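What you see below is based on every heavy atom in this structure, not just the backbone, and it leaves out hydrogens, waters and symmetry mates. Numbers restart at 1 for each chain; the letters A, B, ... are given by sequence-line order, proteins then strands. Quick caveat, the model's predicted, so the values are computed rather than measured.
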Amino acid sequence: MNYLGIAALLNSHQPGFSLAQPFYTSDAILIFEWQHIWQKNWLFAGNTAQIPKPGDFFIYNLQKDAIIIIRGNKGEVYAHYNTCAHRGSAICLEQKGNAPKLICPYHQWVYDKDGTLLNARMMPDDFCKEKFNLRSVHAAVVEGLIFICLAEDAPDFSPIKKSLAPYLMPFKIKDAKVAAIKNYTLRANWKLVAENFRECYHCGGAHPEYCSAVIGANLREDTDTLTATKQKEWNEKTLATELVEVTAGTTTYAVRYPLRPGVESYSIDGKKISIPMGMHKDHDAGVVGLVNYPNFWMDAVSDYIWTMRVTAVTASSTDLEFCWLVDANAIEGKDYDVNRLTQFWEITGEQDGQLCENNFRGIETNGYGPGPYAPVEDQVINFVEWCVGEMRKGFEK
Amino acid sequence: MNYLGIAALLNSHQPGFSLAQPFYTSDAILIFEWQHIWQKNWLFAGNTAQIPKPGDFFIYNLQKDAIIIIRGNKGEVYAHYNTCAHRGSAICLEQKGNAPKLICPYHQWVYDKDGTLLNARMMPDDFCKEKFNLRSVHAAVVEGLIFICLAEDAPDFSPIKKSLAPYLMPFKIKDAKVAAIKNYTLRANWKLVAENFRECYHCGGAHPEYCSAVIGANLREDTDTLTATKQKEWNEKTLATELVEVTAGTTTYAVRYPLRPGVESYSIDGKKISIPMGMHKDHDAGVVGLVNYPNFWMDAVSDYIWTMRVTAVTASSTDLEFCWLVDANAIEGKDYDVNRLTQFWEITGEQDGQLCENNFRGIETNGYGPGPYAPVEDQVINFVEWCVGEMRKGFEK
Amino acid sequence: MNYLGIAALLNSHQPGFSLAQPFYTSDAILIFEWQHIWQKNWLFAGNTAQIPKPGDFFIYNLQKDAIIIIRGNKGEVYAHYNTCAHRGSAICLEQKGNAPKLICPYHQWVYDKDGTLLNARMMPDDFCKEKFNLRSVHAAVVEGLIFICLAEDAPDFSPIKKSLAPYLMPFKIKDAKVAAIKNYTLRANWKLVAENFRECYHCGGAHPEYCSAVIGANLREDTDTLTATKQKEWNEKTLATELVEVTAGTTTYAVRYPLRPGVESYSIDGKKISIPMGMHKDHDAGVVGLVNYPNFWMDAVSDYIWTMRVTAVTASSTDLEFCWLVDANAIEGKDYDVNRLTQFWEITGEQDGQLCENNFRGIETNGYGPGPYAPVEDQVINFVEWCVGEMRKGFEK
C-alpha cells in the first residue's frame with residue numbers, strides 16, 4: 001500500500017459508514033496514521049501522581065518511540081527519547097523508577113533530568129557537549145494529566161486544557177494516589193477500541209454491570225428528567241456540566257451524566273468505593289466522561305478516577321493501560337479495597353476487549369465491507385471522520 | 001516480488017522439474033496463488049456428517065476468509081463469510097456449534113441460516129435491510145462432501161461431482177458418523193504437501209506401516225495380476241474402478257487399488273477397524289483414493305474414510321485437517337476403537353509431515369534449485385503443471 | 001528501502017559517527033549486507049576439533065544458507081548446501097553427527113562426503129548424474145579454524161592465513177579438544193555486537209571480572225612498560241607479538257597483550273584453568289586477541305581458547321556461538337573443570353549481550369541519530385567504515 005493507494009482509499013470513504021478494510025488491517029496505513037495522527041497530536045502519557053518526586057520517571061512505549069517521562073526538581077515534567085546521544089543505547093532500562101541523573105549504562109554519559117548532557121567522559125577537548133543533549137519531546141500537564149506531543153511544532157495545548165480543566169479540577173489529580181495500573185494487549189486495530197468506547201449501542205447486550213450503574217446506558221430508559229435535576233444540583237456545587245464536543249480543530253469531548261438513582265460509584269453492588277476525591281464532599285457527582293483524540297479516555301465518579309491510555313502497536317495490536325486513582329488521603333484496606341476498586345472496569349474492559357477482538361476478526365475476512373453506523377453511533381462517526389480528516393491533511397502539504 | 005517477477009518465474013519454469021524457490025517460499029507468490037488458484041477453484045470444506053442437524057455449523061478458516069458452513073432447515077448447506085454487515089464483527093465465535101439464528105454478538109443484528117438479515121435494531125426507518133445480508137459464497141455437496149468456491153462466478157461443479165460420485169456413493173457419507181477430527185500445522189509450503197501425497201517414490205523408505213497394508217507401495221512388487229483379479233470382483237459388486245485422471249480443465253483424480261492380500265483395512269495389524277460402511281457388505285473393497293486439486297485428499301477402505309483438507313496459511317505454513325468417518329451404525333467401543341481407527345493415518349501423516357518439513361527446510365536454502373522428478377513422480381509433475389497453468393491464467397486477462 | 005534509499009544513506013554517512021538508524025534496524029539493509037558483506041567475505045564456521053573423524057559434520061545455519069561442514073576421508077573439510085539436488089529436501093536433519101555417506105531422507109539419493117552424487121534410484125537411463133552433485137561452497141582451514149565463503153569466486157584466503165597462523169600455531173588447534181559449545185540469540189543488530197567487541201570504553205563500567213584479569217581494560221592504567229617487558233619475553237619464546245590491523249583490502253586484526261601481573265588465565269579468581277595448550281610450556285602467554293571481519297572473534301590464553309562466531313539472522317536478531325577449546329591431552333575433572341572454563345566468558349558475554357540489546361532498544365526509537373565515537377573507540381570506527389566500504393562496493397558494478 002503506497003501513498004497513492006491510501007489517497008484512493010481516503011477518497012472512496014463514505015461518511016456514515018465504517019472504514020474500508022485496510023484502515024483496520026494494513027500496517028502501511030498504520031505507519032501513515034502514525035505520522036499524521038499520532039506524531040502530530042497531543043497524546044495522553046499518564047498521570048503526575050505516577051511520578052510524585054523529583055527524578056521519578058516512567059517510560060511510555062509508543063511504537064519505536066520509547067519516551068522517558070520524568071519529574072524535574074520543581075515539579076515540572078520532562079519527556080525525552082530513551083536513547084543516548086553517544087551510540088544510542090537505551091538509558092532507562094526499567095519501565096519506571098527514580099533517577100537523580102540519567103546515566104547511560106553503556107559508557108556512562110550523564111544527563112540532567114531536563115535532558116542536558118552534563119558529562120561525557122574521555123571525549124576530546126573540542127567536543128561540543130551542547131550538541132548532544134537528550135532529544136526531548138513536548139510535554140504539557142493539565143490538572144495532573146500528562147500529555148506529550150512528538151511533533152516538532154506541537155499544536156496549541158490550550159483548547160485541551162480549557163476543555164478538560166473545569167471537569168478535572170475538583171478531583172485534585174496532582175495530589176491523588178495511584179491505586180492500581182494494569183496493562184493489556186488486544187488483537188485489534190486501535191480505532192476499533194476507540195470506536196467501541198464512543199457508543200453504547202452495544203452496552204445493553206454486552207455490559208450488564210455497566211448498565212446497572214449507568215441509567216440509560218441500555219438506550220431504553222428516558223433520562224432527560226433525571227439529568228436536568230442532577231445538572232441543577234451539580235451547578236449549585238459549581239461542578240462543570242457543560243457538554244464539550246469534538247468539533248473542527250478540537251480533539252476533546254467532556255460530559256457529566258448521572259448514575260442510576262441510589263448508585264454511589266462505579267461498582268458492582270452500586271455502593272461507594274472510597275472516600276470522595278479532592279474537593280468532592282459526597283458520592284453524588286455522577287460520572288465525568290472525558291476523551292481526547294486519539295488516545296485518552298477517562299471515566300471518573302466522586303470517589304475514583306479510571307484513565308485509559310490507548311496505544312497502537314501494529315495494525316492488529318493495541319496496548320491499553322488502565323490507571324485507577326483515589327484521593328490522596330485514601331488508605332488501602334481502610335478507605336478502599338483495591339480489588340473492589342478495579343473490579344468494575346476490569347469486567348467492563350474485558351467485555352469491551354472481547355468485542356473489539358471479535359470485531360477485528362470479522363473485519364480481517366475478505367467478506368468485510370464498510371457497513372452503516374446506526375444513528376446512536378453518531379460519536380463513532382465523529383471519531384472516524386476525525387481520523388479521515390487527519391489523514392487527509394497528510395496529503396495537503 | 002511483483003507481477004513481472006512472477007511472470008518471469010513462470011516463463012522460466014522447466015516442465016519435469018520442481019518449481020523455482022520463490023514458488024515455495026515467497027508470500028507474494030502465495031498471495032498470487034490465493035487469487036488465481038484458491039479463490040477460483042472448488043475447495044473441500046468438510047463433510048456433511050460434521051453438521052447433521054439444522055443450524056449445525058463449523059468455521060473453515062482459510063487465510064482471512066473465515067467461512068461459516070451451516071446446515072439449513074431442509075438439509076441444504078450454506079456458506080457465509082463470518083462478518084456482520086453492520087460493523088464487521090465476527091458472528092460465530094466458536095469453531096463449531098449450533099445456531100438457530102446467526103446473531104452478531106456486538107450489536108445483535110440477526111440473520112437467518114441462509115444469510116438473510118432478519119433484524120437490525122434501532123436502524124432508521126429508511127434502512128434497506130435487503131442490502132445488508134451476510135456475504136455468501138458458493139457451496140456444493142457431492143455425496144456428503146462439502147465444497148465451497150470463493151469466486152464470484154464458480155466453475156462448473158458437475159465434472160467434480162461426476163468423477164467422485166460413483167466412488168463415494170457406496171459409503172453413504174451423508175449418513176456417516178464423524179469419529180474423529182484432528183488438526184495439524186506444518187512448517188512447509190502447501191504444494192510440498194500436495195506433491196508428497198502424489199507419489200510413492202518415498203513410501204518404501206518412509207512408510208513401513210503403509211507399505212505393509214498396500215501392495216506395491218514400495219514400487220518393488222508387481223501388482224498387475226492382483227489388481228486385474230480384484231477389479232473384476234469389484235465390478236461384479238458394482239464398485240467403481242475406472243481410473244479418473246486430472247486432464248486439461250479438470251481437477252479430479254480417482255482410483256481404486258487393492259490392499260495386500262489378507263489385509264482388511266488401513267490398520268497397523270491389517271485387521272478390520274469397524275463394520276463395513278454404507279452399502280459395503282465385506283472388507284474387500286480395496287482402497288478408494290480421491291483427490292481434488294488444490295486441497296482435497298481422501299483414502300477410504302471398506303470400513304472407514306479418512307479425508308484430508310489442506311489449507312495454505314503462509315508460504316511456509318500449511319494447515320491440515322484429518323477427518324475419520326465410520327458407518328452411521330458403528331458404535332464406539334463395540335464396533336470400533338477410536339485409537340485404532342486414527343492410528344494408521346496419524347503415523348503415516350506424521351511421517352509425511354516430517355518429510356514435507358524437511359523438504360521445505362532444504363528448499364529454503366540458497367543452495368536449492370529445481371531438480372528433476374523421477375518417472376515414478378509423474379503425478380507430482382501433473383500437479384505442479386496444473387499449478388503453473390492456473391497461475392498463468394492469472395496473466396491472461 | 002530500495003537500492004536508491006540505501007545509496008542515499010551510504011552517501012550521507014559521516015565518518016566517526018555511528019551509522020544511521022536503518023543500518024541497524026532495516027531488514028532490507030540486512031539483505032543488502034548479506035549480499036555484499038556476508039556472501040562475499042570469508043566467514044568463520046567453526047573448529048576442525050568439532051569434526052575430528054571422517055564423516056563428522058556440523059551444520060552452520062546462516063540466514064537460509066544451511067551449510068553442511070563435513071570431514072573427508074583424508075582430513076580435508078568440505079562445505080555443501082544442505083539440500084538435495086532432486087527435490088530439495090534437507091539431507092542432514094541433525095545439527096551435528098557422523099555420516100559415512102550423505103543420504104537424502106526423502107527418496108534416498110546418495111552423495112559422497114565431497115558432494116558427488118553416487119546413486120539416484122529409479123532415475124532413467126539417460127539421467128546425467130554428474131549434473132546433480134551437491135552444491136558446494138568454498139572452505140578453507142587455517143591451523144584448525146574453518147572458514148567458508150559463499151561467493152562464486154572467493155577472495156584470496158592467504159592474507160587471512162598469513163595474519164592468523166603465527167598467532168594460532170602454538171595452540172595446535174587441530175589437535176585440540178572441544179570442551180564446550182554454547183549458543184545464544186541476541187535481540188540486536190549484528191554490527192552492534194561487532195562494535196561492542198571492538199572497544200573497551202565500556203569495560204570499566206560493565207566488566208568487573210574482565211578488568212580484574214586484563215590490565216588496562218578499564219582505560220585508566222598505564223600498561224606500556226609492562227607490555228614492553230612482556231613482549232620481549234614472548235619474543236624470546238618465539239610467540240607472535242606483531243600487531244595486525246585491518247587496513248584497506250584486509251579483514252584481520254591480531255594482537256597479544258598481557259594479563260594483569262599474577263593472573264594466569266581468563267578466570268574469575270585469576271588462577272589457571274587447564275594445562276597449557278599445544279606448544280605452550282607455561283601460563284604466561286598473555287592474551288591472543290584475533291578478529292576477522294565480519295564474524296570471527298577469538299580470545300585465547302595459555303591454557304584455553306574461546307572462539308565466538310557471530311551470525312546475522314535479521315536486522316534485529318543475531319546468533320552467537322561460543323566454543324571453548326582446551327589442549328588435546330587435558331582431561332575433564334582432572335586438568336580442568338568445565339564450569340570454571342566457561343564461567344569467565346559466560347559472565348562477560350552475558351554483560352556484553354545485555355549492553356548490545358540495550359543499545360539496540362535505544363537505536364530503535366525515533367529519537368536515535370548517529371552519535372560521535374570517542375577517540376578510544378577507533379577500532380569501532382574501523383569496523384563501521386569497513387562495513388560502509390563493503391556496501392559501497394555493491395554499487396560499483
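Chain A forms more heavy-atom pairs under 4.5 Å with one residue of C/Ala374, C/Gly362, C/Gly371, C/Pro375 than with any other, namely C/Gly362.
Contact of C/Gln354 with chain A is not made at all, since no heavy-atom distance falls under 4.5 Å. When heavy atoms are compared at a cutoff of 4.5 Å, A/Tyr106 approaches chain C by way of both its backbone and its side chain.
Interface residues of residues 76-102 of chain A toward chain C, defined by a heavy-atom distance below 4.5 Å and sorted by number: A/Tyr81, A/Asn82, A/Thr83, A/Ala85, A/His86, A/Arg87, A/Gly88, A/Ser89, A/Ala90, A/Cys92, A/Leu93, A/Gln95. Using a 4.5 Å heavy-atom cut-off against chain A, the contacting residues of residues 182-203 of chain C are C/Arg187, C/Glu195, C/Asn196, C/Glu199, C/Tyr201, C/His202. Interface with chain C: from residues 55-64 of chain A, residues A/Lys64 qualify, criterion being any non-hydrogen pair under 4.5 Å. For residues 2-21 of chain C, heavy-atom neighbours of chain A at less than 4.5 Å comprise C/Phe17, C/Ser18, sorted by residue number.
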- [ ] Check the pair A/Arg135 / C/Thr365 against side-chain contact (heavy atoms from CB on, under 4.5 Å), numbers first and verdict last.
- [x] CA-CA 11 Å; A/Arg135 192 174 151 202; C/Thr365 74; over 6 Å; no

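Put simply, CZ on C/Arg220 and CE on A/Met122 are 9.0 Å apart, with the number rounded to the nearest 0.5 Å. Taking CG of C/Asn359 as the start and SG of A/Cys104 as the end, the distance is 8.0 Å to the nearest 0.5 Å.
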